[in-house]
Structures are given as C-alpha cells and as structure tokens.
Amino acid sequence: MGGGRREDDMLLCKKIKIKVSEQDAATLEWMQGKCRGLYNWWVMRLRNGERWNFERAKKSLRESKQYDPELRSVYGKLLAEVYFRLDGAMRAFFRRVKAGEKPGFPRFKPRHQFFTLCYPAMSLEIQDKTVILPTGGGGNWGPKRYPNIAAHLTEDPPDHFHEVAVSRDARGNYYCSFVYDDTEQHEDDDQQKTRRQHPLRDDGIVAFDLGIKTLATGVNDQRRFYHLGGFKGYRYYNKQLDKIRSKRDKCKKKSRRYIHLSNVYKRVAEHKRRKQQDCLHKASHLIVHRLAERAVVIGDLSQRQMVIKKREDETPKERKKRQVRNRMVYNDWGLYSFVQMLEYKCLRFGKELHIIDERDTTRTCHVCKCKKDMPLWVRTYRCENCGLVMDRDENSAINIFERFLARLGPHTP
Ligand SMILES: [Zn+2]
C-alpha cells in the first residue's frame with residue numbers, strides 16, 4: 001500500500017492528510033500494534049515451516065482472540081486484512097520461487113514502522129470531511145474499549161472508493177489513502193497510482209447489472225458493492241460530431257471543404273471510439289483481474305428493451321431526451337463489446353462467466369419480491385410494500401445475484 005507503483009492504470013490512490021485527537025492517535029497506534037503483532041506471529045509460524053492456508057488461517061482468528069482478548073477491541077475488518085496481506089505476501093513469494101527469482105520470504109514488520117490499517121469502504125462513514133474509523137467492540141460485540149476515531153480530512157475524498165488505508169509518516173502525520181477506480185472518476189493524472197491484489201476466492205461470486213448511467217454495478221457474496229462508471233465523454237464528442245456534420249452538410253458535395261470536414265468527422269469519431277474502447281477494456285480488466293470472485297454473473301442483454309419509443313405528445317425536452325438515449329443505446333453504449341471483452345478475459349484468466357436471464361431484475365424488489373414499473377429515469381428503487389429504498393442498479397444486481405444462487409440449487413454456498 002501507499003508505495004505508488006506506476007505499473008498499473010486501474011486503481012488510483014488519493015492520499016489525504018488527516019487530523020486526529022491525541023486520544024484517537026493513541027487508539028490508531030494501539031490498533032496497528034495489535035495488527036502487526038498478529039501479522040508477525042504468523043510470519044514466525046510460517047518461518048518455522050508451517051504451511052500457509054488462507055482459509056484455515058482466517059478461521060484461526062477466533063482462537064487468537066481467545067488467546068489475546070484485547071484483539072476484540074480492534075475493528076474486525078482490520079484483523080481480516082492481516083490475513084489478506086499475509087496471503088498476498090505468500091503468493092508473491094511462491095510466484096518468485098516459481099519464476100526462479102530471489103524468493104524473499106515474508107518478513108517481520110518492524111515496530112518503528114506503522115502497520116498500515118486497511119478499512120473497506122463499506123465500514124466507513126464520511127460526513128463533512130470527517131471520516132469515522134471504527135474500533136472493535138460495541139453492540140452485540142461487548143463493551144467498547146476505545147471509541148471510534150474521528151479523522152478530519154484536509155482535502156475532499158474521491159466520490160466512490162473501495163477502501164481506505166490509514167498510515168503514518170516518519171514525522172508522525174497520519175494519512176488516509178482512498179483507493180478508487182479511474183473508470184469511476186477522472187482525477188488529475190499526477191495522482192499516485194497503486195496496485196492492490198486480492199487473492200482469488202474460489203467460492204466467490206459477483207453479479208453485475210450492466211447499464212447506461214453506470215456501466216456496471218456489482219454485488220458479491222459478501223454484500224460488497226462495486227460501481228464502474230464507464231466512459232463519460234459521450235456528450236462532449238457527440239456535440240463536436242454534430243457540429244462538424246452540420247457544417248459539412250452546408251457545403252457543396254465533393255467540394256474541398258466538404259471533403260476536409262468529412263475527414264475531420266472521421267477522425268473525431270475514431271478518437272471517441274478509441275476512448276470508449278479503452279474505458280471498456282479497463283472496466284473488464286478490473287472485473288477479471290482485480291476482483292477476488294471467481295464467478296462473474298451478468299444478465300442476458302439480448303432480452304433488453306432499452307430504447308425509448310416516440311410518443312405523440314412529447315415535449316421538446318422529452319424529444320431531446322429520447323434522441324440522446326437512443327443514440328447511446330444504438331451507437332455509443334458499447335455494452336455488447338463490453339460483454340465480449342468480459343467473455344474473452346474471463347476465459348483467459350480462468351474465471352467463470354455466467355450469463356443468466358435478467359427479466360424483471362430491475363422491476364423486482366429484492367427484499368419482498370414485489371414488482372413495480374421502473375422507467376429508465378428513476379434512479380432509486382422505492383418499494384411501497386416493504387419500504388426498501390435503494391439505488392436501482394444495486395437492487396437489480398442483488399436480484400441477478402440471487403437468481404444465480406437459486407439456479408445453483410441448495411448444495412452450493
Ligand atoms: Zn419490497
């Protein structure tokens with residue numbers, strides 16, 4: 001984490017200095033010490049010849065908590081991250097051995113270095129530039145030894161992010177590094193880029209709803225959501241293209257200016273297409289190479305009816321909207337080529353791609369299963385029956401996920 005390796009285009013990292021109270025700083029120090037202790041304890045076992053088994057190691061957390069009850073005061077997801085980091089270190093080790101490189105067995109983390117704490121986005125709340133970093137305990141988990149940490153961000157965080165790594169520099173400043181996709185939002189190019197590899201979970205499943213506003217909205221078997229934004233430049237390019245074409249159409253056919261403008265049009269169209277393809281490539285790459293789930297589930301696009309039909313009494317605004325939408329569906333959307341890329345990449349990378357019936361997944365409430373009409377412009381699913389309020393794409397992704405599970409039958413997880 002935080003090393004800012006440039007080899008990857010996909011996940012970016014925005015590192016923001018935070019301000020915390022003295023007590024919260026002490027809590028951070030205490031939690032990172034506990035996480036480091038757990039990490040080093042495992043490194044010691046592995047150095048003594050114990051075989052690494054990720055699942056077994058994860059399950060052993062219970063025993064570790066019995067042995068050291070103080071671990072209960074560390075936020076659970078931070079402890080879980082320790083096993084992911086160990087797993088990554090062991091995989092890297094084996095990869096180097098296999099490649100005949102210097103093996104570099106995982107090392108002990110020294111006490112003077114802050115052990116980076118990784119929070120998944122799901123566990124964080126941000127309000128007015130203050131991010132709440134949870135500690136362990138509370139509620140059903142027993143008394144809370146340390147209150148949650150209120151970290152004040154000195155800059156705005158990215159809109160959507162996957163996880164937040166808390167670190168400290170040599171001078172004792174604390175930072176939150178927000179890891180996010182550059183397909184979701186375009187930030188300055190000088191952002192630090194970072195690479196983070198999750199081990200493949202063989203029984204992991206992620207289901208995606210593919211759409212226009214958001215290219216892909218996914219949910220996995222741990223109820224974690226993924227949002228892939230897709231190509232944002234349609235409107236800009238379409239405006240340019242429309243302008244060029246209307247200029248051209250005013251010229252005499254085959255005239256020099258006509259030919260020139262035709263060439264400009266072709267060039268801009270090609271540029272747009274390349275940008276879009278690039279974006280789809282990145283998104284499919286992320287799904288196939290970055291997400292830990294082995295099984296990827298998407299809906300069958302051939303059943304879609306996405307085009308808005310022309311209405312007799314439409315207002316000029318509605319007319320414009322229809323034209324823009326239909327243009328996107330027919331020319332720009334690129335979902336079909338996105339699915340082709342997914343198919344190809346899944347095949348190559350050893351993931352399973354399942355394409356299932358997606359009828360009514362947008363219309364159905366995933367909680368109570370009742371159905372209602374969901375026009376394309378309604379972004380939030382509000383169920384009158386059970387009171388569910390949820391992003392329409394997230395609701396749909398859950399439906400696709402559950403439909404896939406139901407198809408597997410009762411013998412699979
Ligand atoms: Zn409902």
Side-chain angles (χ1 to χ4, degrees), residues 77 120-127 132 134 138-141 159-162 184 201 203-230 287 291-293 295-309 311 318 321-322 325 328-329 333 335 338-339 353-413:
K77 292 269 177 4
M122 293 276 280
S123 55
L124 297 180
E125 256 178 77
I126 298 189
Q127 259 183 358
I132 304 296
N140 295 331
W141 305 96
D159 293 338
H160 303 279
F161 53 88
H162 290 218
E184 287 172 350
R201 287 192 297 113
D203 55 351
I205 300 168
V206 58
F208 280 98
D209 175 81
L210 304 181
I212 299 179
K213 281 271 156 81
T214 314
L215 176 61
T217 304
V219 62
N220 73 2
D221 46 311
Q222 299 166 334
R223 269 297 159 100
R224 178 174 166 180
F225 288 101
Y226 301 105
H227 300 265
L228 303 183
I287 291 173
L291 303 191
E293 297 81 17
V296 180
V297 186
I298 55 172
D300 182 359
L301 295 180
S302 63
Q303 299 160 348
R304 283 241 180 136
Q305 300 241 306
M306 296 298 291
V307 181
I308 303 175
K309 289 191 195 82
R311 284 207 338 244
E318 282 170 340
K321 198 167 169 181
R322 174 172 60 80
R325 167 63 47 73
M328 281 180 85
V329 173
W333 200 9
L335 267 194
F338 180 63
V339 170
L353 181 69
H354 302 270
I355 300 180
I356 67 165
D357 177 12
E358 64 165 8
R359 203 165 307 149
D360 295 336
T361 49
T362 313
R363 294 179 57 223
T364 308
C365 165
H366 82 269
V367 178
C368 71
K369 313 296 174 206
C370 71
K371 292 188 180 71
K372 63 181 255 179
D373 275 343
M374 284 295 285
L376 283 168
W377 46 270
V378 178
R379 302 308 306 162
T380 306
Y381 193 100
R382 286 172 208 278
C383 179
E384 286 87 17
N385 194 27
C386 73
L388 173 82
V389 177
M390 195 175 208
D391 175 78
R392 78 180 267 148
D393 299 335
E394 289 185 357
N395 177 60
S396 177
I398 295 177
N399 281 329
I400 293 172
F401 180 86
E402 286 178 351
R403 189 168 293 177
F404 177 71
L405 275 198
R407 217 179 61 159
L408 287 179
H411 306 296
T412 27

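Both ligands and their constituent atoms are indexed starting at 1 by order of listing.
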Listed protein N/O/S atoms, distance to the Zn ion (ligand 1) under 2.8 Å: Cys365 SG, Cys368 SG, Cys383 SG, Cys386 SG
Contact summary for Asp360 and Lys371, nearest pair of heavy atoms: OD2-CE, 3.3 Å
Polar contact flag, side-chain donor to acceptor under 3.5 angstrom, Asn399-His366: no
Student check: side-chain heavy atoms of Phe401 and Asp221 closer than 4.5 Å: yes
Nearest non-hydrogen partners of Cys365 and Leu388, listed with the distance: SG-CD2, 3.8 Å
Short N-O contact, Arg223 and Glu402, less than 4.0 angstrom: yes
Contacts of type side chain to side chain donor-acceptor pair (under 3.5 Å), residue Arg382, not counting sequence neighbours: none
